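Worksheet: one structure, shown below.
Numbers here simply count residues along the sequence, with the first being 1. Remember, predicted model here, so these are calculated numbers, not experimental data. Start at 1 and go down the list; that is how both ligands and their atoms are numbered.
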Amino acid sequence: MIIVMKSDASKADIDNVQNKIKDASLKPILLEGTHRNVIAIIGDETKISDEFLESLPGVERSMPILASYKIASRESSAEDTEVPVGDATIGGKRIGVIAGPCAVESEKQMISVAIAVKEAGAMALRGGAFKPRTNPYSFQGLQKQGLEHLAAARKETGLPIVTEVLSESTVGLVAEYADILQIGTRNMANFELLKVVGETKKPVILKRGMSATLDEFLQAAEYILSQGNPNVILCERGIRTFETHTRFTLSLSVVPQLKELTHLPIIVDPSHGTGKRNLINPMSKGSIAVGADGLIIEVHHDPETSLCDGPQTITTSDFQKLMNDMKPIANAVDREI
Ligand code: PEP
Ligand code: MN
């Protein structure tokens, strides 16, 4: 069950509703949104009625949710969720573009790419400090030192930083540095990790598992939301199919479909979704045309020497061109970039 509070509901109104839920031996989960607050009830909903909840001061409406993902479901909010990213948001009119290398390689590299992507109009800087590699002998990331290089690049440019957290044991460390925690495709169904990340209350980019259905994807988001963290950004990053022409198959139809199923913002990762540098520009434009709220793109000052994912990484000048090329598409769908 979801209780939507009025936009002018006071803290006392919110506390009162939560107390009434606890009195019925149920668990309230408060989700403080940018525009309004929502309280989800977990447990046997027959213990409390909609009529009773709607009679409480500050309550706009109370409703049962049929979907298996309740807080994430569109039924719980007609209004789109905006997730704070630095002093901007992802999910509003402005399309948020996150750019940076696959992996953090050095402080110099991070600062130079951060300056270039900021100048081109990126909203945040990406870079993996802990890398989930298929081959255990591949570069695993600079780890803590990588986080320090990201922090140095943020200090230099003011760009918020996005970096992946691989395990429960490193959530505390990564959250000390990151502005946005990234959950990679291989961890979408690591439910214990999702719960711990939910507890941090930090914005999270949740990548779709490469073989996950939309229903599974949204239930993974629900794990984070149900810890009281409303700041979840979904990311389509391509799925495994029989096709070998691209690294993964970038499934853009999920963007408008997810817009119907959820109020959470949706971004697209054309880098992992295609694995091919020449496809980043058209697929980024396509993503915006179908309604994506943002993009996460791998950019390197010299992709040929990139320690990770070079073939899908674009140069800083390609990125600058891409940002310009996306403007008319964004305007055509009534967005800004
Ligand atoms: C990444 O963003 O660098 C990454 C490893 O992504 P994914 O989890 O989508 O493969
Ligand atoms: Mn990568």
Q.
Determine whether D269 and K207 satisfy the following criterion, salt bridge (charged side-chain N to carboxylate O under 4.0 Å, His left out), listing intermediate values before the conclusion.
A. CA-CA 9 Å; D269 173 349; K207 291 191 154 194; 2.6 Å; yes

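Shortest distance from the Mn ion (ligand 2) to E298 is reached at OE2 (N/O/S atoms only).
Seen from the Mn ion (ligand 2), atom OD2 of D309 and atom SG of C102 lie 100° apart in angle, a value rounded to 10°.
Around NZ of K27, the count of heavy atoms belonging to other residues, nucleotides or ligands within 6.0 Å does not exceed 12.
Among all non-hydrogen protein atoms, the one lying nearest atom 1 (C) of ligand 1 is H272 CE1, 3.2 Å. Looking at atom 8 (O) of ligand 1, its nearest protein heavy atom turns out to be T185 N, 2.8 Å. Ranking the protein heavy atoms by distance from atom 5 (C) of ligand 1 puts E164 OE1, 3.7 Å first. The protein heavy atom nearest to atom 10 (O) of ligand 1 is R237 NH2, 2.8 Å.
The E298 neighbourhood of ligand 1 comprises atoms 3 (O), with distances under 4.0 Å to a heavy atom of that residue. Counting atoms of ligand 1 from 1 in the listed order, those under 4.0 Å from a heavy atom of G184 are 8 (O).
The pair D293-R94 fails the salt-bridge criterion, with no side-chain N (NZ, NE, NH1 or NH2) lying under 4.0 Å from an Asp/Glu carboxylate O. Electrostatic pairing of E304 and R277 counts as a salt bridge here, judged by a charged N lying under 4.0 Å from a carboxylate O. The residues K144 and E148 are annotated as salt-bridged, a charged nitrogen and a carboxylate oxygen being separated by less than 4.0 angstrom. Looking at E60 and R36, no side-chain N of the basic residue comes within less than 4.0 Å of a carboxylate O on the acidic one, giving no salt bridge. With respect to K131 and D309, no salt bridge is recorded, no charged nitrogen being found less than 4.0 Å from a carboxylate O.
In this structure, R126 counts as a contact residue of ligand 1, since one of its heavy atoms falls inside 4.0 Å of the ligand.
Taking only non-hydrogen atoms, the option from R133, M188, K207 nearest to atom 7 (P) of ligand 1 is K207.
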